[in-house]
Every structure is written in structure tokens, then in C-alpha cells.
Amino acid sequence: MEKAVIQFIIVGVFSGLTKGAGVLPDGPLNETLGGTMVFNATVIPPEQTFSFVQWQFGDKIIINTATGVTADYAGRVTLFTSTGSLELRNLVLNDSGEYNVVTVSQDGSRNSGTTQLEVYERISGVAVTSSTNLPIEEKSVNLTCDAAAGSFFTRLWMKDDSDLILTDNMAFYEGNRVLSFKSLNKTDSGKYSCEISNPVSNDKAQYIMIVNYGPENVQIEGPSKIDSGKTLTLTCSAESEPSASYTWTLNGTEIHSSSVFTKVISGFSDSGNYTCQAMNHITERTSSAVHQVTVTGIQGETSGCSAGCIAGIVIACLAVCAAAGGGGYYLYTRK
């Protein structure tokens, strides 16, 4: 009989109820998983305690002044009957939704209000991972941004501390979770950061991507003509990440393995095509350049005659002199 009377009173309260403007704060109200939310009723408290207050979650009654708290909310709620406010503790994700309050003053005036609560798990353990440890120019790669914990979040990508601007070779997938590069350019190298956030928390992680490329633009610096006896120095360079290794050949024969080649020129056989091949051991690509060197003569020569030439002239002169001396002696003895 007592229960039926209470139900009759509650039905009577709701019949003829007028919705008051601004009874509860505009939603959504955001709170953290495991936290506490206080729904502050903004209606001016009466001089005497409200004769009736009721809170509902959707269609489910949480607590009222007639029957008390329902079993599902026991130990989690406190009703402030002087103001009509409600404290809800130990929040779970399923507490997200619409909350309604009804207040009845001693003089019979009635008010109601509605607001929305959103419960979020704090974001933590954000990480950016790559689909490969060795990004290579002209190949594809995916960067993935995930959180170990958190709910209902958004992602913001940046490059080198500025908002990421997508180029023709880039695209987002799975709600910005995956940043995909269809064909890497060397200009894609840089610091990529991903911030995951929701209304109650945020966390950020970064990934340094170095695009391996090259070698390209191989160049050889050094003289194209040199005298025999002088030291030849040729320097080879290339654009490459990581740095390239270098191999030298002369007329097809390997002669050296570093970027700088030096040799004391011994003769005309050192003339020819000096080839530098650059190799990137990550991209497994090679590129070459050719530099022609001509040996022009002996160091310090003032004429075009070689050492053998000079020796031949000297011998010829001595022979002529000897012959001339012998002929003079023959003429003298005949007289």
C-alpha cells in the first residue's frame, strides 16, 4: 500500500511538470574514467528543502527523495536535497549519456533539466611506428599512430613541429591512424609527430624518418692534364644517404677504393679514363662518373725530346767527333 502511494505521488509530480530553462549546465559535460562528476542544479534553492527531487539516467531512475537510491547506483551517488545537485562517483564509460533532474518546491512549483555526460578514458602510451626500419626513396612506407589506452580520440599529425600538409605521395587512412607514403621522396625525411587527444587528456609521440636515397650526381674533381713525375689527385663525390662507398678504375682495371685517389705519375701508361663508381649499400644502387687524364711529358722538361732522345744525340755527337779526329790524323801522316 505504501509503495503504491509513493508511485502515485511520483506520477503526480511528473504530470503538469514544466521544463525550466538553465536548470542544469549545457552539455556535454566531460569527465575522466574513474573520476567524479557533480551535476550542479542552477535553480535557486527554496527557503525550505525541496519536497521532491529525482535524478534519472535516460529512462532509468538513479535516486529520488521518495524511494532513495536504486541498487545499481548504491555507494556511488550523493543527492544534495537543498540544491537538487547530484554527485556521481567512480565513473565508468557506460555512464555516458543523458541525465534528467526534477525538483518540486514546498509551494508546488516544479522544474526540470537535462544535460549530457561524456566519460573518457585518459590517453596514454602513444607511439608512432613505421612499416619498415629502412625507408628508401621511391618505395612505400606507412607510419601508424596508436595509443595503449584511451577512448573516443582524435589524431593530429605534424612534421618538423608544423602542421602536416599532405603532398601528392601521401594519404591518411583509418581516421588519420595511418599516414601512408605511396612513393617516398628524399624531402620526406624529417620529424613526424602524432598527438592523440580527447576532451580530458592528450599524449604525443614522434618518429624520425630518414629516407635513404642515391647515389646521384656523381662528380670527379682533378686535373685533366699532368706531367710525368707529378702527383695526381682525383676526388669523387655523390649525393647519397647514407654516404656512398667509392671504387676507382683506370681503363677498366680497379685501382683504388675510397673517395680520394692519389698517384705519382710514372709515364704515359697513366693516361686514360679514370672512372669513379659510387655505391649505396642500403638502396643497393650505383652511379658512375668518368674523368679523362692525359700525361703530357717529363716534369721540368723544356723541349719535347725524351731522355732516350737526348742520350742518342750525345752518342751521335761523340761518334762524329771521333770520326773527324781520325780523318785528320790520316791526312797528316800521308803528308
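Since the structure is predicted, the reported quantities are computational estimates derived from the model, not experimental observations.
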Exercise for the section: Give a yes or no on whether the backbone of Arg122 and the side-chain of Ser201 come within a donor-acceptor separation of less than 3.5 Å. Expected result: no
Practice task
For Asp227 and Lys230, indicate whether the former's side chain and the latter's backbone hold a donor-acceptor pair under 3.5 Å.
Solution key: no
Practice task
Heavy atoms only: give me the nearest Thr144-Asp146 pair and the separation to one decimal.
Solution key: CG2-OD2, 3.6 Å
Exercise for the section: For residues Asn280 and Pro242, determine if any side-chain heavy atom of one lies less than 4.5 Å from a side-chain heavy atom of the other. Expected result: yes
Exercise for the section: Say whether, by atom type as modelled, one donor and one acceptor occur between the side chain of Asn202 and the main chain of Ile123 under 3.5 angstrom. Expected result: no
Problem - Asp168 atom CG, neighbour heavy-atom count above 12 within 6.0 Å - result: no
Exercise for the section: Mind jotting down which residue pairs meet the salt bridge (charged side-chain N to carboxylate O under 4.0 Å, His left out) criterion with at least one end in residues 86-95? Sequence neighbours excluded, please. Expected result: Arg76-Asp95, Glu87-Arg89
Problem - Nearest-0.5 Å distance that lies between atom OG in Ser189 and atom CG in Asp160 - result: 9.5 Å
Fill in the blank from the handout: In this structure, CD of Gln292 is separated from OG1 of Thr275 (nearest 0.5 Å) by 10.5 Å
Practice task
Would you sort out whether Ser96 and Leu117 count as a side-chain contact (heavy atoms from CB on, under 4.5 Å), showing the intermediate values?
Solution key: CA-CA 5 Å; Ser96 297; Leu117 172 65; 5.6 Å; no
Practice task
Taking the side chain as every heavy atom from C-beta outward, state whether Thr247 and Met279 have any pair of such atoms under 4.5 Å apart.
Solution key: no
Problem - From CA spacing to verdict: side-chain contact (heavy atoms from CB on, under 4.5 Å), Leu29, Tyr99 - result: CA-CA 11 Å; Leu29 307 177; Tyr99 287 77; over 6 Å; no
Fill in the blank from the handout: Residue set satisfying ring pair (Phe, Tyr, Trp, His ring centres under 6.0 Å) with Tyr213, at least two apart, ordered chain then number -> none
Exercise for the section: Look at the side chain of Asn217 and the backbone N and O of Ala238, then say whether any donor-acceptor pair between them is shorter than 3.5 Å. Expected result: no
Handout entry: Distance-only side-chain donor-acceptor flag, Asn169 / Thr167, under 3.5 Å
Key = yes
Handout entry: Within one Ile-Leu-Val-Met-Phe-Trp-Tyr cluster: Phe39 and Leu93, side-chain cutoff 4.5 Å
Key = yes
Completion exercise
When rounded to the nearest 0.5 Å, the distance separating NZ of Lys191 from CD1 of Ile208 is 6.0 Å
Practice task
Report yes if the side chains of Trp55 and Leu79 come closer than 4.5 Å at any heavy-atom pair, otherwise no.
Solution key: yes
Handout entry: Heavy-atom pair of closest approach, residues Ser105 and Ser51
Key = O-OG, 3.3 Å
Handout entry: Shared hydrophobic cluster for Leu86 and Phe57 (ILVMFWY, side-chain gaps under 4.5 Å)
Key = yes
Completion exercise
Residues Val211 and Ile136: closest non-hydrogen pair is CG1-C, 4.2 Å
Practice task
Name all residues meeting the ring pair (Phe, Tyr, Trp, His ring centres under 6.0 Å) criterion together with Phe181; count only those two or more places apart in sequence or in a different chain, and write none if there are none.
Solution key: Tyr192
Fill in the blank from the handout: Value for OG (Ser82) from CZ (Phe50), rounded to nearest 0.5 Å, stands at 8.0 Å
Fill in the blank from the handout: Of Leu33, Leu91, Val200, the one forming a side-chain contact (heavy atoms from CB on, under 4.5 Å) with Tyr120 is Val200
Completion exercise
Value for NE2 (His291) from CG (Leu232), rounded to nearest 0.5 Å, stands at 7.5 Å
Practice task
Using atom types as modelled and distance alone, determine if a side-chain donor or acceptor of Asn185 lies under 3.5 Å from a backbone N or O of Thr187.
Solution key: no
Problem - Single-linkage hydrophobic cluster, 4.5 Å side-chain cutoff, Ile226 and Phe268 together - result: yes
Problem - Partner residues of Thr115 under the side-chain hydrogen bond (donor to acceptor under 3.5 Å, both in side chains) criterion, sequence neighbours left out - result: none
Problem - Note, Lys60 side chain near Tyr73 side chain (heavy atom, < 4.5 Å) - result: yes
Handout entry: Gly58 to Asn100 - nearest heavy-atom pair and separation
Key = O-ND2, 3.6 Å
Practice task
Without swapping roles, check the side chain of Asn64 against the backbone of Phe52 for a donor-acceptor pair under 3.5 Å.
Solution key: no
Problem - Cluster check Phe261, Val295: I/L/V/M/F/W/Y, side chain < 4.5 angstrom - result: yes
Problem - Closest approach of Gly113 to Val23 (non-hydrogen atoms, all atoms of both residues) - result: CA-CB, 3.9 Å
Problem - Heavy atoms of other groups near Leu166 CG, more than 12 under 6.0 Å - result: yes
Problem - Donor-acceptor side-chain pairing of Gln54 and Gln56 below 3.5 angstrom - result: yes
Please list every donor-acceptor pair under 3.5 Å in which a side-chain atom of residues 147-157 meets a protein atom from a residue at least two apart or in another chain.
unit_1: Ser151; atom_1: OG; unit_2: Glu121; atom_2: N; d: 2.8
unit_1: Thr154; atom_1: OG1; unit_2: Ser197; atom_2: OG; d: 3.4
unit_1: Arg155; atom_1: NE; unit_2: Cys145; atom_2: O; d: 2.9
unit_1: Arg155; atom_1: NH2; unit_2: Cys145; atom_2: O; d: 3.2
unit_1: Trp157; atom_1: NE1; unit_2: Asn176; atom_2: O; d: 2.7

Problem - Test log, rule side-chain contact (heavy atoms from CB on, under 4.5 Å), inputs Lys139 and Thr132 - result: CA-CA 10 Å; Lys139 293 189 177 181; Thr132 176; over 6 Å; no
Exercise for the section: Could you pull out all residues at least two apart from Glu216 that satisfy salt bridge (Lys or Arg N to Asp or Glu O under 4.0 Å)? Expected result: Lys186
Handout entry: Phe80 and Val53, any side-chain heavy atoms less than 4.5 Å apart
Key = no
Handout entry: Residue pair Glu137, Thr283: steps toward the side-chain contact (heavy atoms from CB on, under 4.5 Å) verdict
Key = CA-CA 8 Å; Glu137 185 181 30; Thr283 65; over 6 Å; no
Exercise for the section: Give a yes or no answer on whether the side chain of Thr294 reaches the backbone of Ser271 with a donor-acceptor pair at less than 3.5 Å. Expected result: no
Fill in the blank from the handout: Gly267 and Ser228 have their tightest heavy-atom pair at N-OG, 3.6 Å
Exercise for the section: Could you tell me whether the side chain of Ser258 and the main chain of Val260 form a donor-acceptor pair under 3.5 Å? Expected result: yes
Exercise for the section: Report yes or no: do Val290 and Leu250 belong to one cluster of Ile/Leu/Val/Met/Phe/Trp/Tyr joined by side chain heavy-atom distances under 4.5 Å? Expected result: no
Handout entry: Within-4.5 Å side-chain heavy-atom neighbours: Tyr274 and Ile220
Key = no
Practice task
Check the side chains of Asp72 and Thr70 for a donor-acceptor pair under 3.5 angstrom, ignoring hydrogens and angles.
Solution key: no
Problem - Expected output: side-chain Asp270 to main-chain Ile265 donor-acceptor under 3.5 Å - result: no
Handout entry: Note, Pro135 side chain near Asn212 side chain (heavy atom, < 4.5 Å)
Key = yes
Problem - Reported CH2-to-CG distance for the pair Trp248 and Leu234, which is rounded to 0.5 angstrom - result: 4.5 Å
Exercise for the section: May I ask you to test the Leu179-Met170 pair for a side-chain heavy-atom distance under 4.5 Å? Expected result: yes
